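Just follow the structure's listing: the first ligand is 1, and inside any ligand the first atom is 1. Numbers here are sequence positions counted from 1. All values reported here derive from a predicted model rather than from experimental measurement.
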Amino acid sequence: MAGRDAERIASLFWWMLGAAVVVWLAVMGLAVFALHAPHERQSRKQVQLLVVGGGAAVPTVLLVILLVFGLREVPGLLNPGSEDGVQIHLRGERWWWRVRYELPDGSQFELANEVRLPVGTRVPLWLESSDVVHAFWVPSLAGKVDLIPGRVTRLGLEATRPGRFRGVCAEYCGLSHAAMRFEVVTSPPREFERWTRAQKRASREPSSPVARRGRALFTSVGCGACHTVRGTPADGEIGPDLTHFGARARLGTGAPNDVRGLQAWLRAPGRHKPGVNMPGYDALSSRELRSLAGYLRGLQ
Ligand code: CUA
């Protein structure tokens, strides 16, 4: 566990489970007693007391206690966090997550399938969907929240330790629902700030000849019609922003973000994510795909 809300949910679960076990044992004990107790010795009054007490009074009192106990956690779970700090806007797309950061200084940047959080601060997430209902769920951090077209839902995320955590879409949303993964990276506040500073910058100039060839290809095959790379003419908004693509640990499929995985993805995205909007580039040679992947990996 690495989130305040996950801790709340887990402790609630264990208390409820404990209470359920105690009640189950008591009921089983009574059942065994009823089977073996001599019938004729029980008066009518005793039987009535057992039915009214054990059948109505005790369950009512117990359920009210558990309800109050559960409701106590609700304000904490619903707390969306402060609107003065970093804000994260999440949009469910056709099987990927658009993640836009809004910083207190007014600057913004966008990434995909990765959410970064500082440890110890409750960060507000504003969730929307472009098409159908998705659900954002990072079990290690918090409960799930639906992304509903035409509505904005909210979630506060508070990480308690640094690490990397898997997130999934938890609402069936079409062909590649199961491949709609993402990663949450939590880090100490200083490191998080360093990361936001790096993300705000425009993309870096490619340093190697391979990457330069890749950038030329990126432009000539028209990647910029769908993708943005800040600092270059590429300003498409349909697909993920790739300005700092190389800094992400994983591809949108959950596979490691390396040259091999990228080449396979570029060749036939539909094989890894059926129904995805991105076309395949199997017309490019392996060498061309390698340079394209090299350019993208270099976008740190
Ligand atoms: Cu998005 Cu399931």
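Around atom 1 (Cu) of ligand 1, the angle linking M180 (SD) with C169 (SG) is 110°, rounded to 10 degrees.
Remark: R154 qualifies as a cation-pi partner of W126 under the 6.0 Å distance and 45° angle criteria applied to the six-membered ring.
Between R122 and D5 the shortest side-chain heavy-atom distance falls below 4.5 Å.
A salt bridge is defined here as a Lys NZ or Arg NE, NH1 or NH2 lying under 4.0 Å from an Asp or Glu carboxylate O, and E183 with R166 fails to meet this definition.
Among the atoms of C173, an N, O or S atom is found under 2.8 Å from atom 2 (Cu) of ligand 1.
Checked against atom 2 (Cu) of ligand 1, the N, O or S atom of H177 at the shortest distance is ND1. Nearest to atom 1 (Cu) of ligand 1, among the N, O or S atoms that H134 has, is ND1. Distances from atom 2 (Cu) of ligand 1 to each N, O or S atom of E171 single out O as the nearest.
Taking the six-membered ring for Trp and the full ring otherwise, W137 and F182 have centroids separated by 6.0 Å or more.
T243 places no side-chain N or O within 3.5 Å of a backbone atom of A202 that could act as its donor or acceptor partner.
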